[in-house]
Amino acid sequence: MAPTRLASKPIGVNENLNGILSHGITTRSKQLASLKSYKDSLKAPNKRKADSPAKDMTAKRAAFGDITNAFNKSSANNDKDKGMVLKKVTVESKMLPIVKNIKNQTATLNGKTSKTKQLQKAANNALESVQKHFAKDPPKPVATRAQNGILKNVERKSFGKENQNSSRGSAKSTRSDMSGDPSLYMTALENISPNDATKEECKVIKGVVDFDKENWTDPFQVSNYAMDIFNYLKSRERLFIIDDYLQRMKGITSWMRALLVDWMVEVQESFELNHETLYLAVKLVDLYLTKSSRIQPEKEQLTKEELQLLGASALFIASKFDERIPPLVDDFLYICDGAYSLTQLLKMEMNILRVIDFDLGVPLSYRFLRRYARCARVSMPTLTLARFVLEQCLLEYPLAGERDSKMAAAALYIALRMKSLGGWTPTLQYYTGYTLKDILPVAILQNAALHKKPKSAISTVRNKYSHTIFFEVAKVSLVDDSVLNS
């Protein structure tokens with residue numbers, strides 16, 4: 001396992017350029033080494049507009065060092081000043097007649113105040129005539145197409161049915177939807193059909209707190225889409241099934257997988273990557289091993305020497321998918337301590353994408369957990385404890401095949417029990433779609449993973465969540481299975 005790379009001391013522009021160019025990375029500053037070569041490059045055909053000198057001549061990206069200012073700034077500034085002088089003279093020459101014309105018009109208006117009063121009087125007369133016209137024959141309100149067509153048809157059909165009350169109620173609901181009323185969304189308070197309950201019972205589901213309806217006006221909660229989004233993610237879980245792939249592979253064990261995931265957690269912490277990046281990378285490793293072990297012959301399967309290469313390539317893909325500024329490919333070669341070449345890492349990246357059919361929209365348990373905890377209104381320490389449970393279970397091979405939504409629900413349930421905050425509420429049952437009976441077997445497996453004796457070789461997750469920034473949730477007392485069953 002390679003040590004974490006420390007930040008080097010600041011270097012100058014030329015040192016930075018020489019270091020980057022020696023590694024074979026092509027940068028724009030290499031093309032802009034001098035003003036003469038830069039102007040010659042402008043004469044080349046099919047030049048991109050984004051490379052225009054007016055914009056890129058003084059562009060600077062501090063986050064990646066002073067790379068783009070490696071050309072002669074003094075000569076560039078001189079040319080710029082000449083252009084600015086010519087432009088200033090041209091603009092001033094064009095503005096002189098306009099200013100003179102404005103002054104002349106101002107003088108004319110000051111000398112003809114009587115004409116201005118006449119024009120104002122005529123305008124007042126015209127306004128009075130228009131008001132009198134509309135007072136005699138007021139304009140009729142313009143009906144929308146929905147009011148003339150859809151709504152009238154709904155009302156007309158409602159009088160022809162036997163149950164007029166229910167039909168009028170549906171027409172009223174349609175009108176409210178047209179006007180932007182939140183009733184377009186099927187909230188927790190409208191989930192019972194009139195055939196199964198009375199009208200009063202349709203409005204309330206006992207014990208459910210409708211989080212989406214209460215946050216309907218908050219644009220960051222996207223309450224009108226949230227339920228559909230997570231229902232769609234749950235429907236996609238069947239496309240990413242992970243089976244017991246280690247039975248089809250030789251030389252790779254569950255302990256090796258645990259070591260790899262522990263190393264990936266360390267990389268995520270060192271590079272300060274998003275947690276979604278870590279979860280997606282672990283999922284890519286399992287998906288690749290599941291599918292490749294089926295389609296590839298035994299001789300072409302992944303060896304234990306290439307397992308770290310698989311983890312680094314999966315992190316590289318996940319970083320480009322989830323991170324705003326992903327690490328460079330050289331960073332991933334560095335963390336592997338030079339065990340693999342650039343060609344090997346890029347080839348593995350292409351193999352992973354080809355095997356998973358380029359489908360990176362994998363439903364992640366971390367996203368489900370954040371949604372469930374928000375709907376249940378749990379505190380940040382409780383949510384962090386559930387994240388610790390979920391992240392610790394990434395190392396467990398028997399739990400790799402469980403559905404991510406069920407893993408998130410079970411982790412939240414364990415956190416609530418460990419914090420003595422109650423059990424599985426109707427609100428959680430509604431938003432997760434799982435009853436306590438559904439998640440209890442998974443919760444027991446997760447609790448067993450927490451009770452395992454810590455091993456120094458795979459202690460990154462425990463050390464991470466023992467820090468004060470994570471509320472030291474790894475030190476919270478564990479609970480027995482009897483507490484989960486109660």
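No experiment lies behind these values; they were computed from the predicted model shown. All heavy atoms count here, side chains included; hydrogens, waters and symmetry mates do not.
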Quick one: does T427's side chain have a donor or acceptor within less than 3.5 Å of a partner on G207's backbone?
yes
Go through the structure and list residues passing salt bridge (charged side-chain N to carboxylate O under 4.0 Å, His left out) with E276, not counting sequence neighbours.
R370
Is the shortest side-chain heavy-atom distance between L478 and M418 below 4.5 Å?
yes
Distance check, rounded to the nearest 0.5 Å: L416 atom CG versus T425 atom OG1?
8.0 Å
Could you verify whether a donor N or O on one side chain and an acceptor N or O on the other, from E237 and S405, lie under 3.5 Å apart?
yes
Parallel, tilted or perpendicular: which fits the ring planes of H275 and Y465, with parallel below 30° and perpendicular above 60°?
tilted
Would you mind telling me which of V389, L436, T432, L428 makes a side-chain contact (heavy atoms from CB on, under 4.5 Å) with Y413?
L436
Could you check whether any side-chain heavy atom of M407 comes within less than 4.5 Å of a side-chain heavy atom of Y366, counting everything from C-beta outward?
no
Output yes when D404 and R367 qualify as a salt bridge under the 4.0 Å nitrogen-oxygen rule, no when they do not.
no
Does K283 qualify as a cation-pi partner of Y279, given the criterion of NZ or CZ under 6.0 Å from the six-membered ring centre and within 45 degrees of its axis?
no
K250: which residues meet the salt bridge (charged side-chain N to carboxylate O under 4.0 Å, His left out) condition with it, sequence neighbours left out?
E298
Within the side chain of K419, is there an N or O that forms a donor-acceptor pair under 3.5 Å with the backbone of P381?
no
Show me the pairs that pass salt bridge (charged side-chain N to carboxylate O under 4.0 Å, His left out) and involve residues 443-465, at least two apart or across chains.
E391-K464, E396-K452
Are side-chain heavy atoms of S293 and M249 found at a separation under 4.5 Å?
yes
Would you list the pairs meeting side-chain hydrogen bond (donor to acceptor under 3.5 Å, both in side chains) in which at least one residue belongs to residues 474-485, sequence neighbours left out?
N447-D481
Please tell me whether Y245 and Y397 form a close aromatic pair, meaning their ring centres lie under 6.0 Å apart.
yes
I'd like to check the side chain to side chain contact (heavy atoms under 4.5 Å, CB included) partners of K291; sequence neighbours left out, ordered by chain and number.
V355
Any donor-acceptor pair under 3.5 Å from Q221 side chain to D212 backbone:
no
Who pairs with R377 by salt bridge (charged side-chain N to carboxylate O under 4.0 Å, His left out), at least two apart in sequence or on another chain?
E214
